[in-house]
Amino acid sequence: MHDIKWIRENPTAFEAAMSRRKLSGTAEKAILLDKARRDHVAGLQELQTQRNEASKAIGKAKASGDEAAAQAAIANVAKIKQAVQDGEEIERKLTDELNDFLLELPNIMFDDVPDGADEDDNVETHRVGTPPKFDFEPKQHFDIGEALGQMDFEAAAKMSGSRFVVLKKDLAQLERALANFMLDLHTQDYGREEVVVPLLVNANALIGTNQLPKFEADMFKTTDGKYLISTSEVSLTNLVRETTMPEADLPKRYTSYSNCFRSEAGSAGRDTRGMIRQHQFSKVEMVSIVHPDKSEAEQMLMLEAAEEVLKRLGLAYRVVKLCSGDTGFGAKRTFDIEVWLPGQNQYREISSVSTCGDFQARRMNSRFKPTEGKGAQYVHTLNGSGLAIGRTIVAILENYQTKDGSVIVPEILQSYMGGKTLIKAT
RNA sequence: GGAGAGGUGGCCGAGUGGUCGAAGGCGCACGCUUGGAAAGCGUGUAGGCGGUUUUCCCGUCUCGUGGGUUCGAAUCCCAUCCUCUCCUCCA
């Protein structure tokens, strides 16, 4: 959410920032709504002042036993009453209108975010690793998994519908191994605090991390009005909602392994086969809560940590800086990591590392008290996948496949797989 | 799920319709005291919004949250969330 005061004082800059998001007239509308509200509040407060003074006079008269004066004052103030009540109702309405409008405006992107329409305009920053060469035609992960008899889309479809999968045996263990490996890396090498989070959250939490109000269609909602998280960014970031912490508590670095649930509304027909796009998938997430001066460096550190996961798994990848058209609603800047998939013969997103500035902090009311000086400031929040586990399984299957349909277990995972070195085709 | 109790400032805690944004205590800050420290004494110590100005000040809203009653609500009513106790159920 944006600071209305800032919009008021920098309408041109704000309008320019929103135009990069393909929006126009936002500053004008926000200022209009704000002006209407403030003009109204000024008048309302005048009425409230009158009422309060009159009421105090009544109190005084009663206290001194002057009943006649009290009755006269009561008659006097009764006239104001209705006007105050009506005014309060209008104030609520005007405040809601302004807030509802602001909640639907996306974050301001950094200047270094390249202009562009969609993912084709993203800018590659670097590549790491060499895609493996095969002396046979590499298969896609679902063919490998199904041939192994350890990946079952049919069974999942019978009980849950499309976009679900059942993993068995070594692939089930691989999921668990990956989670442990990633969590160990983030906690031991990057000082993150491991957290187990709620998967079901209320609407306010989702407003905080900007899934709501705009993207409700992407969420699964329960019958009692809660939502399944689409990423544990939601739960991790909301750990600091409605708090004011001492500056010394920053940075807070969290990591969590959780399942994620997405309705995938609007992505019908895309990635319909395989595990790339599922309604339920698991992910190890990183979230950082930092001092505003530190968020720039933090994003680089987070990106480095996510890359380290791929490096240790021996997977080739590239990093792209998302262009304006591909940068998410709440982000000021996002780097995606795309892993090489031999079966698809292309790089596919496996991690996304975003910095949000104080955008989410305002929505959540998360602040810190500076050690020096007074007042409270909004924290900065960042989130990144480290990594999406389903897609990591996909990448391992495709990159480490052998001609006979077996899959080599990456060295770093062997100790997490009970010493297993090969997922063997039977 | 059933029955009951409760949510007040950084913390504890008083306040059941009238100058209450809120006694008292703790904590914290500053000052006095001291060779220094402790104790003691004094002063100060919530936030949001708006106005003015950005040193001072004024208004308004906020006693879990949202409504309502009333000239006036921390105090009364309704709804809701959360916490605790007992019962029930349960991995």
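Worth knowing before you read on, the calculation uses all heavy atoms, side chains too, and leaves out hydrogens, waters and symmetry mates. Proteins get letters first, then strands, A, B, ... in listed order; numbering begins at 1 in each.
As a whole-Å value, the separation of A/Asn365 CG from B/G48 P is 9 Å. Between the CD1 atom of A/Ile80 and the P atom of B/U70 there is a distance of 16 Å, rounded to whole Å. The separation between A/Asn99 atom CG and B/C49 atom P is 12 Å, rounded to whole Å. A straight line from CG of A/Leu94 to C1' of B/C61 spans 16 Å, rounded to a whole angstrom. Atom CG of A/Asp3 and atom P of B/G50 are 9 Å apart (whole Å).
Heavy atoms of A/Gln85 sit under 4.0 angstrom from primed sugar atoms or phosphate atoms, though from no base atom. Within 4.0 Å of A/Arg362, counting heavy atoms only, lies no atom of the nucleic acid at all.
With A/Asp170 as the partner, the salt bridge (Lys or Arg N to Asp or Glu O under 4.0 Å) test is satisfied by one option alone out of A/Arg176, A/Lys424, A/Lys420: A/Lys420. Each of A/Val284, A/Leu310, A/Leu178 was compared with A/Leu387 under the side chain to side chain contact (heavy atoms under 4.5 Å, CB included) criterion, and only A/Leu310 meets it.
Residues A/Phe215 and A/Phe329 bring their aromatic ring centres within 6.0 Å. Ring centers of A/His380 and A/Phe359: at least 6.0 Å apart, outside the cut-off.
Distances shorter than 4.0 Å separate some side-chain N or O of A/Asn52 from OP1 or OP2 on B/U60. Taking only side-chain nitrogens and oxygens, A/Arg51 comes nearer than 4.0 Å to OP1 or OP2 of B/C61. Phosphate proximity of B/G48 to A/Arg367: present, with a side-chain N or O under 4.0 Å from OP1 or OP2. For B/U60, neither phosphate oxygen OP1 nor OP2 lies less than 4.0 angstrom from any side-chain nitrogen or oxygen of A/Arg38. For the pair A/Arg92 and B/G67, the criterion of a side-chain N or O lying under 4.0 Å from OP1 or OP2 is met.
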List the steps, then state whether side-chain contact (heavy atoms from CB on, under 4.5 Å) holds for A/Arg391 with A/Arg277.
CA-CA 9 Å; A/Arg391 291 188 180 182; A/Arg277 194 174 300 276; 4.2 Å; yes

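One N or O donor and one acceptor, one from the side chain of A/Gln45 and one from the base of B/G59, sit under 3.5 Å apart.
When the nucleotides B/C61, B/C49, B/G72 are ranked by their closest atom to the side chain of A/Gln48, B/C61 comes out on top.
Under the 4.0 Å criterion applied to side-chain N and carboxylate O atoms, A/Asp184 and A/Arg312 are not assigned as salt-bridge partners.
Along RNA chain B, the nucleotide nearest to A/Gln50 and the one nearest to A/Lys369 differ in position, and the one closer to the 5' end is contacted by A/Lys369.
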So what's the dot-bracket for RNA chain B: Watson-Crick or G-U pairs under 3.5 Å, [ ] if a pair crosses, | if it pairs off-strand?
((((((((.[[[..)..(.....]]]((((((.......))))))((((((.....)))))).[[[[[..)....]]]]])))))))....

